[in-house]
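Scroll down for the structure; my scribbles are underneath it.
The shown structure was predicted, so the numbers you read here are calculated from the model rather than taken from an experiment.
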Amino acid sequence: MTTTLWPGTRPLDEHLRTTFASNYSALKSLPEPWLKQWPDVWLPVATWVAQQKNELGGVPVIGIHGGQGSGKSTLSQALASLYKAALGWNCVIVSIDDLYLGHDQRQQLGQSVHPLLATRGVPGTHDATLGRQLFTDLKQLEPGQCLTIPAFDKVSDDRLPASDWHQIVGPVDLILFEGWCVGCHAVEDSQLDEPANQLEATEDTDGQWRRWVNQRLAKDYADWFAMMDRLVMLKVPGMQAVLNWRGQQEVENRKHAKGQHDRGLDHAGLVRFIQHYQRLTENALRDLPGHADLVLELNNQHAVNHIH
């Protein structure tokens, strides 16, 4: 790997780059394949994201998109730590996962609209209205003001009680908005006719579920995603990598579970679960590089092969 990975058309602020280079220890939580790429990939990425804050002013929202297990949360946490250590910035991470509707709410959605909506993940299973309000409120936080952000536990498949929510104290300098469908676009109805996998073929035979999801993406989520100022894409190699990495994530989820119920997934459950995400993930792999401001192509070893 060499610094030629960084696009020559993306000039970097050398002062920021030098400042971050001296704070390398703040990124010690990065996985080993990424630590090896610190000088060639993550140092320039961190510099570029910080430049966007300086150029845009105010409290910008930087979206981080990537398939399940791609490392969105890890990257967000590392950047927040680096900016705190190097610049004193209060960088808030908003995970789209924390804004899932609660388990009971999704069961009701499954009964009133379509059974597949009982499973978290697709557009329509988050509280997009709350997400938009959070961005507005975070940008307006005064010094010392406190705001709470919901927290979701994946093993219990439910939102945690308010006592376990994230506490944010203002003012905020930068918002990192990470999630698997962040930045995704709706498609033409004609693209929904053919099922993407066995789940759609057997449990969404008339296409009602995927059309309802597409409508949410075209309306509620389009308004939400329009609040982003920049978008970074972690481009996964494909669905097999998503399955493998999501399986590793499931192990970690169990280690940190806080909920009262265990609704974790075995391998068969994961295979079915991932099929809920397949259509939008594959659409994003095809279309989103044309919309994202920065695209980092990952290989099967979780390292970055190319930057666009």
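The CG atom of L5 sits 7.0 Å away from the CD atom of Q37 when rounded to the nearest 0.5 Å. The distance from the OG1 atom of T119 to the NE2 atom of H276 is 3.5 Å, given to the nearest 0.5 Å. Once rounded to the nearest 0.5 Å, the distance linking CZ of R120 with CG of L109 reads 15.0 Å. Put simply, CG on N90 and CG on L174 are 9.5 Å apart, with the number rounded to the nearest 0.5 Å. Here the CG-NZ distance, from L176 to K72, works out to 13.5 Å after rounding to the nearest 0.5 Å. Taken to the nearest 0.5 Å, the CG atom of L43 stands 8.0 Å off from the CG atom of L12.
The environment of Q107 atom CD is dense: over 12 non-hydrogen atoms of other residues, nucleotides or ligands sit within 6.0 angstrom. For E194, the CD atom is loosely surrounded, since the number of other residues' heavy atoms within 6.0 Å does not exceed 12. Atom CD of E188 has 12 or fewer neighbouring heavy atoms from other residues, nucleotides or ligands inside a 6.0 Å radius.
Between M227 and R132, some side-chain heavy-atom pair lies under the 4.5 Å cut-off. You'll find the side chain of L147 reaches within 4.5 Å of the side chain of L138, heavy atoms only. Looking at M233 and L294, their side chains never come closer than 4.5 Å, going by heavy atoms from C-beta outward. With contacts defined as side-chain heavy-atom distances shorter than 4.5 Å, the pair E297/P237 does not qualify. Using a 4.5 Å cut-off on side-chain heavy atoms (C-beta onward), I307 and V295 make no contact. Residues P60 and K53 meet the side-chain proximity criterion, which asks for heavy atoms closer than 4.5 Å. Looking at Q52 and I62, their side chains come closer than 4.5 Å, going by heavy atoms from C-beta outward. No side-chain heavy atom of I274 sits under 4.5 Å from any side-chain heavy atom of Q278.
Ion pairing between a basic and an acidic side chain is recognised when a charged N comes within 4.0 Å of a carboxylate O; R106 and D157 show such pairing. Taking the charged nitrogens against the carboxylate oxygens, D189 and R211 have no contact shorter than 4.0 Å, which rules out a salt bridge.
Tested against S70, the residues V242, I64, V236 include a single side-chain contact (heavy atoms from CB on, under 4.5 Å) partner, V236.
For the residue pair D104/Q108, the side-chain donor-acceptor check at 3.5 Å is not satisfied. At a cut-off of 3.5 Å, with distance as the only test, a side-chain donor of E178 or S95 sits close to an acceptor on the other residue.
Minimum interatomic distance between G179 and I96 (heavy atoms only, all atoms of both residues): CA-CG2, 3.4 Å. Nearest heavy atom pair, residue A241 against residue N300, reads CB-OD1, 3.9 Å. Closest non-hydrogen pair, L141 versus V169, comes out as CD1-C, 4.3 Å. Closest non-hydrogen pair, K139 versus I175, comes out as CG-CD1, 4.3 Å. Considering every non-hydrogen atom in both A186 and A218, the closest pair reads CB-CB, 3.7 Å. Smallest separation of non-hydrogen atoms from L288 and G183: CD1-O, 3.2 Å.
Using modelled atom types, one side-chain atom of R159 and one backbone atom of Y100 make a donor-acceptor pair closer than 3.5 Å. Although no hydrogens or angles enter the test, the distance criterion places a donor-acceptor pair under 3.5 Å between the side chain of Y83 and the main chain of A46. No donor-acceptor distance shorter than 3.5 angstrom exists from the side chain of D158 to the backbone of G102, with no hydrogens or angles considered. In this structure a side-chain-to-backbone donor-acceptor pair under 3.5 Å is missing from D229 to L56.
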Between W245 and H302, is a ring pair (Phe, Tyr, Trp, His ring centres under 6.0 Å) present by the stated rule, with each step listed? CA-CA 9 Å; W245 296 345; H302 237 140; 3.8 Å; yes
Set out, in order, the CA-CA distance, both residues' side-chain angles and the distance that settles ring pair (Phe, Tyr, Trp, His ring centres under 6.0 Å) for W165 and F152, then state yes or no. CA-CA 9 Å; W165 287 15; F152 190 90; over 10 Å; no
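Note on ring orientation: taking the six-membered ring where Trp is involved, the planes of F135 and W224 are tilted (angle from 30° to 60°).
Both L16 and V45 belong to a common hydrophobic cluster when Ile, Leu, Val, Met, Phe, Trp and Tyr are linked at side-chain heavy-atom distances under 4.5 angstrom. Residues W34 and V49 are members of one and the same hydrophobic cluster, defined by side-chain heavy-atom contacts under 4.5 angstrom among Ile, Leu, Val, Met, Phe, Trp and Tyr. V113 and L192 fall into different hydrophobic clusters, defined by Ile, Leu, Val, Met, Phe, Trp and Tyr side-chain heavy atoms under 4.5 Å apart, directly or through other members. L285 and L217 fall within a single hydrophobic cluster, where Ile, Leu, Val, Met, Phe, Trp and Tyr side chains are chained together by heavy-atom contacts under 4.5 Å.
Outside the 6.0 Å centre-distance limit, the rings of F20 and Y24 are not counted as a close aromatic pair. For F225 and H185, the gap between ring centers reaches or exceeds 6.0 Å.
Stacking of R216 on the aromatic ring of W212 is recorded, both the 6.0 Å distance cut-off and the 45° axial limit being met.
Scanning for salt bridge (charged side-chain N to carboxylate O under 4.0 Å, His left out) contacts around E203 gives R272, with sequence neighbours left out. Among residues two or more places apart in sequence or in another chain, the side-chain contact (heavy atoms from CB on, under 4.5 Å) test is passed with D204 by H114, L116, D206, Q208, W209, R210. With sequence neighbours excluded, no residue forms a salt bridge (charged side-chain N to carboxylate O under 4.0 Å, His left out) with R230.
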